[in-house]
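Okay, so here's the structure we're looking at.
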Amino acid sequence: MIRDITLGQYYPGDSFIHRLDPRLKIIAVLVFIVALFITSEFYGFIFTAVYLAVVIIISKVPPRFILRGMKPVLLILICTFIINIFVIKGGDVIFKLGFLSIEQNGIKMAVFLVTRLVMLIIGSSMLTFTTKPMMLTDGLESLMNPLKKVGVPSHELAMMMSIALRFIPTLLEETDKIMKAQLARGADFETGSIVKRAKGLIPILIPLFISAFRRADELAMAMEARCYRGGENRTRMNALKFSIRDLVAGAVTVLMAAGIVITKIAM
Amino acid sequence: MSINIENLTHVYNRGLSYETVALNNVSFTINDGEFVGIIGHTGSGKSTLIQHLNGILKPDSGRVVINGIDLGSKETNMAEMRRKVGLVFQYPEYQLFEDTVAGDIAFGPGNLGLSPEETEERVRNAMRLVSLPYESYAERSPFDLSGGQKRRVAIAGVIAMNPEILILDEPTAGLDPRAHREIVNMLTNLHKNSNITIILVSHNMEDMAEIADRLIVMHKGEIFAQGAPEEVYYERNRLLEIGLDVPQPMMFMSMLEKRGIDSHRSILTIDEAADEAERILRGKI
Amino acid sequence: MENIIQIRDVTFDYHRNSEDEVTIRALNHVSLDIEKGSFTAVIGVNGSGKSTLAKHLNGLVLPTEGEVVVCGFNTKDNETLWEVRRKVGMVFQNPDNQMVSAVVEDDVAFGPENLGIPPQEIRARVDMALQSVGMYDFRKKAPHMLSGGQKQRVAIAGVVAMLPECIVFDEPTAMLDPRGRKEVLDIIHKLNKEDGKTIVLITHFMDEVVDADKVVVMDNGHIIMEGKPKEIFVRNEELHKAGLDVPFAAELGSRLRKRGIEIPDNIIFMEELADYIAENAGSAKNL
């Protein structure tokens with residue numbers, strides 16, 4: 001069911017990865033994503049795959065948990081694969097049926113794109129799996145701080161994100177509950193045309209939005225009662241500190257990126 | 001309709017480090033027309049159990065048989081079974097979405113493909129059963145009603161499906177005493193005026209003592225005790241041991257017992273307690 | 001005793017929605033003093049105005065007429081509003097909707113962080129607050145993994161960490177199961193008795209108010225009764241009229257009186273009634 005969605009959740013732990021400075025992790029994910037996109041050869045992927053595998057192993061987040069998070073995007077991945085396999089042309093023709101044909105480049109591109117997407121999703125989920133939402137927003141806020149001067153409300157943006165992350169499990173649970181309740185009233189979400197199915201979502205979305213607004217209202221009041229008045233004069237319990245641990249992890253990330261750039265030039 | 005649960009087991013997050021056995025080899029029978037109360041702590045398996053009764057959850061092992069029909073069988077028409085077994089979840093008012101009371105109650109019958117006349121008939125009937133007069137409430141927005149009224153609209157939405165079994169998960173949670181009373185009275189009348197089998201999950205022991213024919217006590221995914229309320233509550237020490245309450249009249253009798261006055265009677269309601277206290281005070285032991 | 005909060009002739013009107021011309025009166029000339037260190041229970045059905053009253057106590061809502069004074073500060077004064085909110089903490093009904101952070105200890109730190117307290121002191125206060133509600137072992141957990149009672153205890157810790165003098169509880173047990181209710185009530189009483197916090201408990205559960213120093217009964221925006229629990233519970237007919245129940249012992253006592261049996265009307269606890277019946281068995285005096 002919907003509770004299986006693990007995307008964006010935090011997986012509590014105390015590993016090396018968990019303890020890294022969130023700013024470093026955010027930058028590392030950005031580097032990782034860029035690395036994924038400059039890679040166009042099989043050898044490049046070895047670097048990103050090994051890097052990702054090592055991160056997963058050290059983080060002690062169970063692969064089963066990570067894979068469960070992939071379930072909702074499985075359909076997108078399959079579609080991407082199928083579209084690419086048929087649309088991209090070039091190289092030897094491997095299969096032909098009427099106007100449909102699969103050619104070598106198509107397979108190559110499809111495999112590349114799906115690998116890239118899978119690594120992209122897993123890589124960025126590793127950031128949320130191993131970083132407490134509060135730390136993540138602290139990190140973002142700190143990275144965005146220089147932009148404050150040009151009018152970017154970095155604190156507010158970070159706070160919004162942190163609250164959104166906090167409420168993901170609550171709202172998922174709620175969606176699950178509302179779906180079950182409407183199912184018990186004979187609602188049908190699984191059969192019929194797209195229009196019918198879209199209409200079928202109304203009995204879920206309206207209660208969900210009403211509830212989200214009610215929660216927002218109550219949360220705003222609770223925050224005010226706890227003296228929240230924006231980022232001014234606010235202190236933090238865990239101030240961010242860059243340690244040797246972060247230097248090591250940063251160096252490994254740079255090595256991974258360098259490896260990709262070198263293979264790219266060498267090929 | 002009757003319900004037969006045979007060796008039902010359900011495990012959440014199987015294989016993960018936080019795997020939990022929510023139901024462990026549970027078996028029981030509920031007869032046609034019975035009013036059964038299910039009590040137990042949060043996490044005792046009550047909610048998991050009732051979600052099996054209309055097939056929203058599937059057993060990991062064991063069978064759920066309703067009127068001789070096995071819910072696990074491939075031939076079973078699940079839509080039909082979901083209609084027959086109405087399930088009212090906790091805080092059901094959060095599922096309301098239409099802009100009129102009648103419109104919301106009609107959602108279920110509408111899904112059954114009934115004619116407009118028949119749907120309206122169902123809505124009127126359901127509103128009567130939850131004591132919301134059609135004339136004054138049908139066209140109002142459910143979101144402008146009081147908490148207790150909203151909840152009755154949500155319950156009416158399930159009753160309008162004409163279920164033969166009605167299951168309610170803590171229908172009085174979070175309500176004030178007035179709204180609480182309204183719901184309890186409504187359930188009593190519903191049971192009296194229809195032959196629906198009712199299963200009520202609740203923490204309120206006084207309500208259970210008042211309205212249930214039979215109680216099932218769940219503890220750690222297993223059935224801890226079952227029987228008529230006076231039998232189950234008579235063994236109050238067993239219930240207190242697992243941290244469950246007993247009805248206040250019963251609690252009071254046990255205090256008298258500690259003071260050397262043993263009435264050896266099962267006292268469930270405040271009226272019975274008053275009778276008993278009067279008898280004791282007047283010296284007619 | 002010194003009054004920590006004074007509510008002076010407060011009336012509060014609101015519009016149901018922005019286009020609506022008609023105003024609704026949630027509070028109607030309400031006056032009430034809260035003594036420092038006391039335990040005050042406010043009871044009433046939904047819509048009686050009890051939650052609106054609660055929100056006046058720390059300036060979340062400002063009176064239409066009249067005023068609320070907290071530790072000498074008027075809640076209408078913008079300059080001192082944050083001082084008022086620091087002194088009067090508030091715990092709400094739905095534990096899910098008052099947690100900001102996805103980790104217990106970070107959530108407890110939220111209040112002190114807003115006060116601009118140095119990091120080491122925040123750490124100390126968070127640990128202290130979590131220990132005082134018995135949730136220290138859960139400090140690294142995510143709120144959605146906790147039971148309702150545990151979540152509510154974390155919410156209480158979040159307020160305790162701000163070192164308030166008074167804590168207002170707005171129906172803190174309404175959404176909890178009996179076990180959670182007991183956990184939360186035990187903590188509320190501990191905060192009052194051991195830590196000397198002033199407590200205002202808004203509820204509709206009668207058995208939660210029998211231990212209070214003062215019970216305030218609200219109906220339709222008015223305070224209809226105010227006094228010690230024993231003084232309030234003898235007036236069971238008025239309470240029933242306001243949609244409220246009476247604790248079991250008080251109700252049983254009144255039923256016996258109706259049957260012509262003498263039961264002292266100051267009995268509100270089950271233990272007291274059991275004692276009385278045991279002592280007077282067989283010697284009932286007719287009224």
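Numbered from 1 within each chain, the chains take letters A, B, ... in sequence-line order.
Both the backbone and the side chain of L273(C) come within less than 4.5 Å of a heavy atom in chain B. Residue A249(C) does not touch chain B at all, counting heavy-atom pairs closer than 4.5 Å. Heavy-atom distances place both the backbone and the side chain of E271(C) under 4.5 Å from chain B.
The CE atom of M255(B) sits 5.0 Å away from atom CE of M270(C), with the distance rounded to the nearest 0.5 Å. Atoms CZ and CD1, on F252(B) and I277(C) in that order, are 3.5 Å from each other to the nearest 0.5 Å.
Contact annotation for residues 175-184 of chain B against chain C (heavy-atom separation below 4.5 Å, listed by residue number): L175(B), D176(B), P177(B), R178(B). Contacts between residues 198-205 of chain B and chain C, defined by a heavy-atom separation under 4.5 Å, are made by H203(B).
By number of non-hydrogen pairs under 4.5 angstrom with chain C, the leading residue of L244(B), D245(B), D271(B) is D271(B). Contacts with chain B were tallied for G180(C), P178(C), S147(C), G44(C); P178(C) has the most, counting heavy-atom pairs under 4.5 Å.
With a 6.0 Å radius and a threshold of 12 heavy atoms from other residues, nucleotides or ligands, K241(C) has its NZ atom at or below the threshold.
Remark: D275(B) does not engage R255(C) in a salt bridge, criterion side-chain N to carboxylate O under 4.0 Å.
When all heavy atoms of Q248(B) and F248(C) are compared, the pair lying nearest together is OE1-CB, 3.3 Å.
Residues I261(C) and E278(B) form a side-chain contact, since some pair of their non-hydrogen atoms from C-beta on lies under 4.5 Å apart.
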